[in-house]
Amino acid sequence: MTQETVEKVVIFFAGDSGDGIQLTGSQFTNTAALYGNDLSTFPDFPAEIRAPQGTLAGVSGFQISFGSTEIFTPGDECDVLVVMNVAALKANLKRLKKGGAIILNTDGFDKRNLRLAGFADDENPLTDNSLADYRVSEMNVTKLTRECLVDVTLGVKEKDRCKNMFVLGFVYWMYNRSLEHTIDFLKQKFNSKPDVLEANTRVLKAGYNFANTCEISSSRFDVKPAKMASGTYRNIMGNQATAMGLIAASQQSGLDLFYGSYPITPASDILHELAKHKNFSVRSFQAEDEIAAVSASIGASFGGALGVTATSGPGVALKGEAIGLAFMLELPLIIVNVQRGGPSTGLPTKTEQADLLQAMYGRNGEAPVPVISASTPSDCFEATLDACRIAIEHMTPVFFLSDGYIANGAEPWLFPQSKDLQSIKVPMTKKENTDYLPYKRDDKLVREWAIPGMSGLEHRVGGLEKEDLTGNVSYDSGNHELMVKTRAEKVERIADFIPNQELDAGSEKATVLVLAWGSTYGAIKTAVKELLAEGYSVAHAHLRYINPFPKNLESLIRAYDKVLIPEINNGQLIKLIRDKYVIDAIPMNKIQGIPFEAREIKNRIIELHDGE
Amino acid sequence: MTQETVEKVVIFFAGDSGDGIQLTGSQFTNTAALYGNDLSTFPDFPAEIRAPQGTLAGVSGFQISFGSTEIFTPGDECDVLVVMNVAALKANLKRLKKGGAIILNTDGFDKRNLRLAGFADDENPLTDNSLADYRVSEMNVTKLTRECLVDVTLGVKEKDRCKNMFVLGFVYWMYNRSLEHTIDFLKQKFNSKPDVLEANTRVLKAGYNFANTCEISSSRFDVKPAKMASGTYRNIMGNQATAMGLIAASQQSGLDLFYGSYPITPASDILHELAKHKNFSVRSFQAEDEIAAVSASIGASFGGALGVTATSGPGVALKGEAIGLAFMLELPLIIVNVQRGGPSTGLPTKTEQADLLQAMYGRNGEAPVPVISASTPSDCFEATLDACRIAIEHMTPVFFLSDGYIANGAEPWLFPQSKDLQSIKVPMTKKENTDYLPYKRDDKLVREWAIPGMSGLEHRVGGLEKEDLTGNVSYDSGNHELMVKTRAEKVERIADFIPNQELDAGSEKATVLVLAWGSTYGAIKTAVKELLAEGYSVAHAHLRYINPFPKNLESLIRAYDKVLIPEINNGQLIKLIRDKYVIDAIPMNKIQGIPFEAREIKNRIIELHDGE
Amino acid sequence: MENKVYTAKDFSSDQEVRWCPGCGDYSILKQVQSVMPEINVPKEDIVFISGIGCSSRFPYYMETFGMHSIHGRATAIASGLKAARPDLSVWIITGDGDSLSIGGNHLIHLLRRNFDTNVLLFNNQIYGLTKGQYSPTSEKGKKTKSTPMGSIDHPFNPLALCMGADATFIARTMDRDPKHMREMLMRSNNHKGTSLLEIYQNCNVFNDGAFFGMTDKATKMNQTLFLEHGQPLVFGENKDKGIRLDGFKPIIVSLEDCSIDELWIHNEKDRVKAGLLTRFFDADFPRPFGVFYSEDRPTYEDALVQQIDDAMQQKGQGNLDDLLKGSNTWTID
Amino acid sequence: MENKVYTAKDFSSDQEVRWCPGCGDYSILKQVQSVMPEINVPKEDIVFISGIGCSSRFPYYMETFGMHSIHGRATAIASGLKAARPDLSVWIITGDGDSLSIGGNHLIHLLRRNFDTNVLLFNNQIYGLTKGQYSPTSEKGKKTKSTPMGSIDHPFNPLALCMGADATFIARTMDRDPKHMREMLMRSNNHKGTSLLEIYQNCNVFNDGAFFGMTDKATKMNQTLFLEHGQPLVFGENKDKGIRLDGFKPIIVSLEDCSIDELWIHNEKDRVKAGLLTRFFDADFPRPFGVFYSEDRPTYEDALVQQIDDAMQQKGQGNLDDLLKGSNTWTID
Ligand SMILES: Cc1ncc(C[n+]2csc(CCOP(=O)(O)OP(=O)(O)O)c2C)c(N)n1
Ligand SMILES: Cc1ncc(C[n+]2csc(CCOP(=O)(O)OP(=O)(O)O)c2C)c(N)n1
Ligand code: SF4
Ligand code: SF4
Ligand SMILES: [Mg+2]
Ligand SMILES: [Mg+2]
């Protein structure tokens, strides 16, 4: 047995939907975090709710990358694959790097499982040498679990439910981790079921001890704490961060949060999260459909709340008309799109960035709406808060784009203190404003807001073209042009209230600039960091603000010979850049429902750098 | 009294909604057409159904340009303004060129009318010299009408309804036109009401004779027949032409036409027209909303019909999700958007071209849909037929873009014979195809179609990502990328089946190219024709095919120093051109709910030509 | 809050009213403006939300807060407004197309949720604004622009549909009976929960005379039946006819042959009888006007506020720092 | 057309069925597959159209034509299909969310238009596919992911809503009673017009036991009531209880105290009584299963085809050249 110190490890836990894989993964995550590793995680759910046991379709997975260096993605290739059955192995072996470790439950490789996973009668990866390139640790987890619980008075089914603890214990041993955090967790979770607590704890320890004593595991690894900024951290998932961003915006602006939504994967968790926080005066409303959801949010905004609606692409396709109304009304409104694989119903449980042009143009008439995007799970918090600030301070609907990858991914978060958050100034008119005009504008071109309850400020708004200043209906030609241009200019002027674009890495004189947005951040960051270390002349700029673009963006990108735009779509940001700056940027597209790997980006940059 | 021959005349008829202005205009139009003039017309309805009599909001207008030369638009400035009351004068005087003729009904200038039109107590344009720059013919039409019907046994109200005939007769005299066509029309219209027929005919003649005998009209004009291609013509409005194009496509393909629609201005008339033609097996269906309309059309297409849905911008905003479904199903579907002023409810009775980007991008995910546009009222016929051909032969939803201006505008049409129409080949599989695969493609990348009723070809389609060939649900990464790219490529390849872009006027070596689409055609055509005659180096290319662009478009436009793109929006086609070809085209935008005037275009071209 | 004394004029905005001359909408506007001073709500706390249609122009003419929204969505918008601002008096203005065609779903969901709002459904059995297509309440066989051979759609019975959606308050009135309309407006206002008031409204341009029999002097007494809680169903020129129930079957009786005691006594609280009344649609039956049904059921917004209060009670007012921190943190120095 | 003899297996597609083990959907699939051979329609003339939801995966498993469409729109898609192809046997598969939440409007419009289609509404009182939010049929107070403090929405009564929308056929069955389900499927199929069959379906993952009382041996005889046309309403362990009408009020009686002749006799043609039956929802009343209501009314597609025939009769089959020419032409040589 060896003991090595490694910088970074990627583990993939996989098993049947019922095997408790997500719990195993998140326990390992929390322990790694407490230990001071940097990390990034991503769950991989099956598309079906609970596909038949043992089948490929039923495999649930959880990937974690943790290390003593900075970690920006859940990792490309895995170092370790933990599988509870043969289907899990078959579905995920491609993730494992050659020479990687496999920890497997032999009990999941019996005849039935082999058949369910689609193996022919005489095939078995355990015996046909197909795993020869890997370091395999086999153990009959079911048997071992049952054995260690032989004197516990639980049913077999309940005992078997502890199997995941055995594997977790095993992996803890491999990475030299204490069981303490998980035992604490179990105590809390099962505090009313002492026998279940006892069983789980026992099996966890058994797995640990099994690894310690048996011969099958040949190495043990140490992953030292990362040098991270000092402070207090927590783990955060993207959708959670979005929910918190919304609550923070409500607090910072003093407007009650109204959240109108219709469930849809992968946005529903924001609704679930917000519904828990009614003590923040959050009004969460599960509407009858997406149109009602956005409409109700508009109604709430009209009443003086912060109206927010969230959905995924197909839902946005339904909200277009109402967003146009909000745009005409010039009321604050946030439309969250947690993007997923499209088009149409597409790949609902997979990730994609293909709704950007829909956010930009998916409405009738000239109706430009600011578009803000988030790049990592924790960034969802700040980006959401920022989207709300813009919506409120500039009296406009704002699109906030997230996606399935960051929505469900998690990372450590050096969470802020409320006192350090940006404040949001609501452009509410004075109660006693006697010459209030609903469509009179300040120098940001923002109209003043008056809401029901403000005596003397009664007025009507609507979707017909409005007369400048008064907001009365106007069919006048000149007024229409003025209003269209003014509304567009209002959105353009937001550029004065957002920071200039900065480089995330690299210099302003590099050969290749990688320009991107959204959840490609981690992979690009990793790639560019490695390339810089290797001496390549490359830079990385990552956009949060897509409409309007930061004011310096044009001059920033014009400085580079080559601008590479990687996207998880067929080329959308690149259309905006080419149109706006007439710059022949270079697309890089992956449309597979999965994120870029850092090495893919890296290879492409090298190709470009060394001159195709 | 003089008698002059003129080349071209623009007349604007205006009066109260109840004054029969539209009828007057269309009668004059038909007579001019029968006389052999080329012409173009446009009605100008009030936004209200029937706004209060006498007010500015209640004014209804009808513009006609006719001449002995080619006519491409209803005209910029008017030569003659016919007004039934002072509101009509006030609302439309700006259209009249200095020195133009006004024919006015003094009866519509009484105290009440002056007040309703917003004049102060002592104001009256008849007496305050404000019309000094014009040649005014005053007549008390009401009085004259009543007088000539004194012995007819009709109520005053009914008599007064003949007033428009008096004015029409007057104008017929001015332009030396026979009353014959209108008398025939009246005979048909009132064949069951002999007294009404008698009254109208009498008043028509009275107006004619009044002009002939009285002194107020100082000139009479002759507009010779235009040199038009020989053949048989009819008048046609855009929406009518669209309806006919759909019926023609149904006939040419052998697929029954299913038309699912929800009423909306300015698209409803297509529904009204189609509902009249059930003897063509047209199934028109007024759905409960736009979503149901497009969904029902998809259902009909699935059943083997030609599914068509029409609406205007706000309706399209609701159809996005279902269009995405049709795109995934790869079924023929036509989405007609008769564009109107936006955003939101906007200016429903005005025209605009601001839904192009919505057609291109208004869906979630990567879902490119072909976009076809029409440039004149009669062009709606061919463009619609073409859109249907593409939808059927390439198994794809297709956007057909028209707008309020051409939908309601009219022009003479050298209508085709059915035998000369393009035929449409339906990619229906053979009944006995035993190895039918729903998503197997030919070299156009088009899948074969099998519909319910075809024994042995039962299969399922849906909005989830499909496996190549089989169409089964697939969550496979590689398959998704393949399918996204294949669907995009399928749309791109349509470029092989559309004609190369041709110049409408000018040469390939000119200094300025005017590149445009849709209803700007007439104004640009007029401007460029005049400029060419004046020796400017200018050319005009007008796009019917916007997605995909014709294959030669890039090389065509690269040849010019300056590419000017005029649009009735804030710049939409230009975004596509700049993105696609990275060419710094120059925008020209008007966003007033009204079309360009030829002179506006002309001036801008001259500026560019002579170098800004 | 000091109580201002308003007059109808205080509720008239400065915008010129632009319906067709003779349109039934004028009368409704007038009655609503005249009822407003009586509902005892400060002007600034009143909001009118409409969809799209001729009728939906209504809010522009009311000197209150208002929104002329998009087609069919006024009910959904009002739901959000009321959830955010339970203190407001929210009125929804909608047409038969707006509420029953494109907006059908939001209407039935509003009714089941029972937001305390007042829906005024202007039923003219036609699409006015788009110039005369049939609507979901147009009778079968109706010839309109979109149905030149006659409509083949079986129409909705709006009140029956609303009963099916578990509405808590349903009533009907008409443009030509201002007094009754005012009474119904007050009743709607007073009902806590969603009040659905169907108003028969004549579109004299595209569907003139749709309700002629019920408004014409010569016929109206025989073709209308005014419901009053606790009162027998009596109608006719001389109040000489009544309705009796034969099992579940209503029959018209002459009061000469039948004592008033045997008549059906109207009971607003009886759901089954209300259901029967919504089915009085045949030519030989008088059309009922008045409150068909009224039920007490908690409103959505009250339950929502209750949950917020409970949450505050249980967990204390939300503290952002606690939320940000979560339950699981670690510190790196 | 030669009549092939099918077996249930002929209707099973090659796609692996992927509902959760134990889901009620399996049983429904099985019964539908087993009823198909009996409806006497060639396989190629059958189409299943669904929306989105667990239940809406259904068409993939049927070896017929099929479409898994988008959320809530199956009813609208099927309307267009049936209008274009009246010859087909069209089945609509939908869930309680799909049909009553996002798809509510299309459902009620389908019902009023009465397209001859069969709607199978899988009611599990939950959103399955999106992993457990409450649905419009979930009971008030239900704790779900989106309502951790309990739902505050008053639920729809689906059959009452459908009656309000003038449905012509309404029935209820459940996943656990295959025989009854097959019977109801046949009845739905045989009804000319829209048949709405509500199927209680257990979602054993997110809402297990929602209908437990109606399926559990110990309780089901007391909690279910099977309707048969012309038969008295009898239920209970030993068929010892019945329902009697006291005016409009149904009351449960013991057959010891009350003769069977006094019981309510079920009449599928009686709209009012069907309405009463849809309201049997309280804990102390048994839940009715069977055909509540059935009415003959012309279908939309028949009327449409009639108009097309009439138009052809009157004007002759359309001639494209005549159409292009119109009525007003002039010639230039
Ligand atoms: C999304 C959308 N679809 C269609 C329209 C066109 N439209 C405006 S009002 C209307 C129907 C009007 O009928 P109704 O609601 O009965 O109101 P009325 O005009 O009769 O008062 C329609 C179809 C629209 N404005 N928006
Ligand atoms: C436009 C749109 N909105 C939301 C969704 C997400 N979604 C899918 S199924 C569903 C509800 C499922 O509930 P139900 O119809 O009752 O079917 P079940 O899964 O319970 O069978 C929702 C909200 C979607 N696919 N599309
Ligand atoms: S069209 Fe009809 S409903 Fe509309 S304003 Fe005119 S009369 Fe009233
Ligand atoms: S989630 Fe529920 S309804 Fe969906 S498949 Fe599983 S058990 Fe069935
Ligand atoms: Mg109406
Ligand atoms: Mg359900």
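Chain A is the first sequence line, chain B the second, and so forth, proteins listed ahead of strands; every chain is numbered from 1.
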Side chain, backbone, both or neither: which part of [X] has an atom under 4.5 Å from a heavy atom of chain B?
| X | value |
| --- | --- |
| A:Leu356 | neither |
| A:Lys575 | both |
| A:Gln572 | side chain |
| A:Arg340 | neither |
| A:Leu318 | both |
| A:Tyr475 | both |

For A:Lys90, which residues count as a side-chain contact (heavy atoms from CB on, under 4.5 Å) partner, sequence neighbours excluded?
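Per chain and number, A:Lys90 pairs via side-chain contact (heavy atoms from CB on, under 4.5 Å) with A:Leu56, A:Phe119.
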
What residues form a side-chain contact (heavy atoms from CB on, under 4.5 Å) with B:Pro370, not counting sequence neighbours?
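Expected list: B:Ile390, B:Thr396, B:Val398, B:Val491, B:Ile494.
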
How long is the span from the NE2 atom in A:His480 to the CG atom in B:Leu347, to the nearest 0.5 Å?
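Separation between the atoms: 4.5 Å.
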
Would you name the heavy atoms of [X] and [Y] that are closest together and state the gap between them?
| X | Y | result |
| --- | --- | --- |
| A:Arg578 | B:Lys580 | NH2-O, 3.4 Å |
| A:Val582 | B:Ile583 | CG1-N, 3.9 Å |
| B:Ala317 | A:Gly320 | CB-C, 4.0 Å |
| A:Glu366 | B:Asn570 | OE2-N, 2.7 Å |

Does A:Ile291 form a side-chain contact (heavy atoms from CB on, under 4.5 Å) with B:Ile291? I'd like the steps, not just the answer.
CA-CA 11 Å; A:Ile291 300 176; B:Ile291 300 176; 3.9 Å; yes

I need the residue from [options] with the largest number of non-hydrogen atom pairs under 4.5 Å to chain A.
| options | value |
| --- | --- |
| B:Pro348, B:Pro343, B:Gly571, B:Gly315 | B:Pro343 |
| B:Ala585, B:Gly324, B:Gly346 | B:Gly346 |
| B:Val484, B:Asp476, B:Asn589 | B:Val484 |

Taking the side chain as everything from C-beta on, heavy atoms only, tell me whether [X] gets closer than 4.5 Å to [Y].
| X | Y | result |
| --- | --- | --- |
| B:Ser477 | A:Lys590 | no |
| B:Arg363 | A:Gln358 | no |
| A:Thr345 | B:Leu325 | no |

So for B:Ile594, is it side chain, backbone, both, or neither that comes closer than 4.5 Å to the heavy atoms of chain A?
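Side chain only.
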
Considering only heavy atoms and a distance below 4.5 Å, find which of [options] pairs most often with chain B.
| options | answer |
| --- | --- |
| A:Gly342, A:Ala322, A:Gly341, A:Ala354 | A:Ala354 |
| A:Ser474, A:Pro314, A:Pro368 | A:Pro314 |
| A:Lys319, A:Glu321, A:Glu465 | A:Glu321 |
| A:Val316, A:Asn337, A:Asn569, A:Leu329 | A:Asn569 |
| A:Gly463, A:Gly478, A:Gly313 | A:Gly463 |

Is the side chain of B:Gln592 donor-acceptor paired with the backbone N or O of A:Glu481 at a distance under 3.5 Å, no angle test?
no

Determine yes or no for a side-chain-to-main-chain donor-acceptor pair under 3.5 angstrom, with B:Asn364 supplying the side chain and A:Ser344 the backbone.
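Between the backbone of A:Ser344 and the side chain of B:Asn364 there is a qualifying donor-acceptor contact (under 3.5 Å).
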
